[in-house]
Amino acid sequence: MDSGIGKMATLQHFTTRALVMLVLFWVCSVQAQELDANRLALPVQLFEDFSRLYETELGSIRPCQNSVGLYEYKVCSKALKNEGNSPYILYSKGVPSTNGKRQIAPIIVLFHGLSDSPFYLRSIAEHLNDKGFTVVVALTPGNGKLNAANDMRDPNLQQRWYAHVDSIMGLIRPYSNKTYIGGFSTGGTLATRYMLLHPDEIDGLLLFSGALALSDSAENLGQIWGMKWIAKIVDGDFISIGSNPYRYPDAAGYAGLTLADVIFEIRDLLVETKVSKPIFVAHSLADIITPYSGVENLMAKIHGDHQVMTIDSSYDICHQDLVISSMMMVGLKIDKTQLNISERCAIPKPNPLFNNMMAMLDYFFAQQLKGK
C-alpha cells in the first residue's frame with residue numbers, strides 16, 4: 001500500500017461488535033476531554049445571516065411549523081416540498097472554560113447529494129452534534145423544491161453551487177478555529193473542490209459515498225460537446241414530487257452532466273495542487289452510481305492520516321442507502337405504489353452498518369483532536 005496515502009483502516013467485514021466497542025470506549029475518553037469543554041454558543045448574527053442567505057436563494061422564508069430541537073436552527077420556506085428539506089444548524093449550548101470565556105468548538109459543514117436534501121444527512125449530523133460538534137447542513141441550490149424545473153436546466157447551476165458553498169463557508173469562518181467540510185455523494189464532490197481551493201481554511205474532509213467518479217457511460221457522455229443541451233430536451237418538464245418526500249423521483253440529466261463537469265475540474269486541480277489533509281471515507285463497494293475508484297484516486301494524491309471504511313459488496317448496500325440509519329427510516333414515508341419494486345435500489349433501506357460507520361467516524365475525530 002502506498003505510504004503516501006497515510007494510515008487507512010479498511011473494514012470489509014463486520015462479524016463481531018468487539019472492534020466497535022473498543023473504538024467507542026477509546027473515542028469517548030478522548031472526545032470527552034477535547035470537546036465537552038469546548039461547546040460553542042453561536043451568536044444570533046450567524047443565524048440571521050444563514051436565514052438571509054436562503055431567503056435570497058428560495059425567494060422567501062417563513063417560520064417553521066414543526067418543532068425543532070432545543071439546539072437546532074432551521075430555515076423553512078413555502079418554496080420547499082416540506083420542512084424535512086430545510087437547511088439547518090445543530091449547535092451546542094456552550095459552556096465557559098476555566099477562564100470564564102466560551103471556547104470555540106469545531107464546526108462541521110455538510111452538503112447533501114444531487115436530487116435529495118438535508119434530510120439525508122440527519123442521522124450523521126445528530127451523531128456528530130451529540131459528540132459536541134456544531135454541524136451546519138446546507139441546502140444546495142436547485143434541490144428540495146416544490147418546483148425545480150427551472151433550476152434543473154439553469155445554465156448557471158454549476159456556478160450557483162460553487163457560490164453557495166463559498167457563502168456557507170464564509171458565514172461560519174469567524175466562529176470556528178477548526179473546520180471540517182464534507183458531504184454525501186455530490187455534496188462530497190463540492191466539499192472536495194472547496195478543500196482543494198482553500199486548504200488553509202479546512203482541517204479535514206468527510207466523504208460519504210463521495211462522487212469523485214461516475215460510471216464509464218456517464219463520464220463519456222459528460223465529455224461530449226452539446227450533450228447538456230440534449231439533456232435539457234430529454235429532461236423535459238422536470239418533476240419534483242414523487243414517492244419520496246425528501247428527494248426528487250429522478251436526477252435531472254442536465255444536473256448530472258453538471259456534476260460530471262465538477263468531477264473533471266477536481267481531477268485537473270489534483271494535477272496542479274499539492275495538499276495534505278486527513279480524509280474520512282465511507283463507501284459501499286456495491287455502489288455502481290459513484291465507483292469507489294474516485295475517492296481511492298483522491299486519497300492517493302492527497303497525503304494525510306486517512307480513515308477508510310469500505311463496505312464489502314456482499315452487503316449489497318446501494319449508493320443512497322449508505323447514509324440511512326434505522327431511525328431515519330421511521331420518518332421516511334415512501335409511497336411504494338409509485339416505485340418499480342423489482343429494481344435493485346428502488347426502495348430505500350437502512351445501512352445495517354451505520355453504527356459501525358459512526359464508530360469509525362468517532363475514531364477519525366479522536367485522532368484529529370488528540371492533544372489539540
Side-chain angles (χ1 to χ4, degrees), residues 8-28 31 69 72 84 88 90 108 110-113 116-133 135 137 180 182-188 191 204-211 244-247 279-290 292 295 306-334 344-367:
M8 300 174 63
T10 302
L11 299 182
Q12 295 185 339
H13 295 282
F14 296 86
T15 58
T16 72
R17 297 183 179 180
L19 175 60
V20 174
M21 295 303 295
L22 180 62
V23 168
L24 284 173
F25 176 79
W26 185 80
V27 164
C28 289
Q31 287 194 324
E72 177 182 5
Y88 54 88
L90 301 182
I108 300 171
L110 298 175
F111 298 90
H112 61 82
D116 60 62
S117 68
F119 173 86
Y120 274 79
L121 290 164
R122 189 77 199 190
S123 288
I124 295 172
E126 288 182 351
H127 176 88
L128 290 169
N129 186 241
D130 286 344
K131 297 297 179 180
F133 294 95
V135 187
V137 183
Y180 295 86
F184 163 56
S185 192
T186 298
L205 177 66
L206 313 177
L207 298 176
F208 302 91
S209 299
N244 189 326
Y246 307 115
R247 63 176 296 142
I279 305 174
F280 173 82
V281 166
H283 212 100
S284 169
L285 298 182
D287 186 344
I288 61 174
I289 303 299
T290 59
Y292 176 64
V295 290
H306 308 324
Q307 295 292 333
V308 181
M309 176 179 173
T310 55
I311 300 176
D312 192 78
S313 57
S314 62
Y315 286 95
D316 198 31
I317 297 176
C318 295
H319 172 73
Q320 68 274 14
D321 294 341
L322 182 91
V323 294
I324 299 180
S325 67
S326 296
M327 186 61 69
M328 279 178 61
M329 285 301 298
V330 175
L332 187 54
K333 308 298 183 182
I334 301 294
R344 171 176 166 257
C345 296
I347 301 176
K349 295 175 292 187
N351 176 0
L353 304 178
F354 185 87
N355 290 339
N356 304 69
M357 183 171 73
M358 292 300 95
M360 289 302 297
L361 184 59
D362 290 344
Y363 179 80
F364 171 80
F365 278 115
Q367 291 287 84

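The nearest pair of heavy atoms linking Val323 to Phe208 is CG1-CB, 3.9 Å. Smallest separation of non-hydrogen atoms from Leu205 and Gly182: CD1-CA, 4.4 Å. In this structure, Leu322 and Ala282 approach most closely via the heavy-atom pair CD2-O, 3.4 Å. Heavy atoms only, all atoms of each residue included: Pro348 and Asn244 are closest at CG-ND2, 4.4 Å. When every heavy atom of Tyr363 is checked against every heavy atom of Gln307, the shortest pair comes out as CE2-NE2, 3.4 Å. The nearest pair of heavy atoms linking Val135 to Asn129 is CG2-N, 3.9 Å.
Remark: Ser123 OG to Asn355 CG distance equals 9.5 Å, nearest 0.5 Å. Interatomic distance, CD1 of Ile108 versus NZ of Lys131, reported as 12.0 Å (0.5 Å rounding). Here the NZ-OG distance, from Lys349 to Ser326, works out to 13.0 Å after rounding to the nearest 0.5 Å. We find the NE2-CE distance between His127 and Met327 to be 14.0 Å, quoted to the nearest 0.5 Å. In this structure, CG on Leu121 lies 5.5 Å from CG on Leu110, to the nearest 0.5 angstrom. Interatomic distance, CD1 of Ile317 versus CG of Asp312, reported as 9.5 Å (0.5 Å rounding).
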| Evaluation steps, side chain to side chain contact (heavy atoms under 4.5 Å, CB included), between Leu206 and Leu361 | CA-CA 9 Å; Leu206 313 177; Leu361 184 59; 4.1 Å; yes
| CA sep, side-chain torsions, deciding dist, call: Asp116, Phe184, side chain to side chain contact (heavy atoms under 4.5 Å, CB included) | CA-CA 10 Å; Asp116 60 62; Phe184 163 56; 3.3 Å; yes
| request: Assess whether side chain to side chain contact (heavy atoms under 4.5 Å, CB included) is satisfied between Ile324 and Asn351, documenting all intermediate values. | output: CA-CA 6 Å; Ile324 299 180; Asn351 176 0; 5.6 Å; no
| task | Apply side chain to side chain contact (heavy atoms under 4.5 Å, CB included) to the pair Leu90 and Leu128, showing each step before the final yes or no. | result | CA-CA 9 Å; Leu90 301 182; Leu128 290 169; over 6 Å; no
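For Tyr315 (side chain) and Pro352 (main-chain N/O), no donor-acceptor pair under 3.5 Å exists by modelled atom type. Distance alone, capped at 3.5 Å, places no donor-acceptor pair between the Ser325 side chain and the Phe354 backbone. Ser209 places no side-chain N or O within donor-acceptor distance of the main-chain N or O of Ser185, the cut-off being under 3.5 Å. A side-chain donor-acceptor contact under 3.5 Å links Gln320 to the backbone of Cys345.
Phe119 is listed as a side-chain neighbour of Met328, based on a closest heavy-atom distance under 4.5 Å. Proximity of Ile334 to Ile347: side-chain heavy atoms (C-beta onward) are nowhere separated by under 4.5 Å.
Taking the six-membered ring for Trp and the full ring otherwise, His283 and Tyr292 have centroids separated by under 6.0 Å. Residues Phe365 and Tyr180 bring their aromatic ring centres within 6.0 Å.
Every residue two or more places apart in sequence or in another chain that forms a side chain to side chain contact (heavy atoms under 4.5 Å, CB included) with Ile288 is listed here: Arg344. Among residues two or more places apart in sequence or in another chain, the salt bridge (charged side-chain N to carboxylate O under 4.0 Å, His left out) test is passed with Arg122 by Glu72, Glu126. Residues meeting the side chain to side chain contact (heavy atoms under 4.5 Å, CB included) test with Ser313, sequence neighbours left out: Leu285, Ala286.
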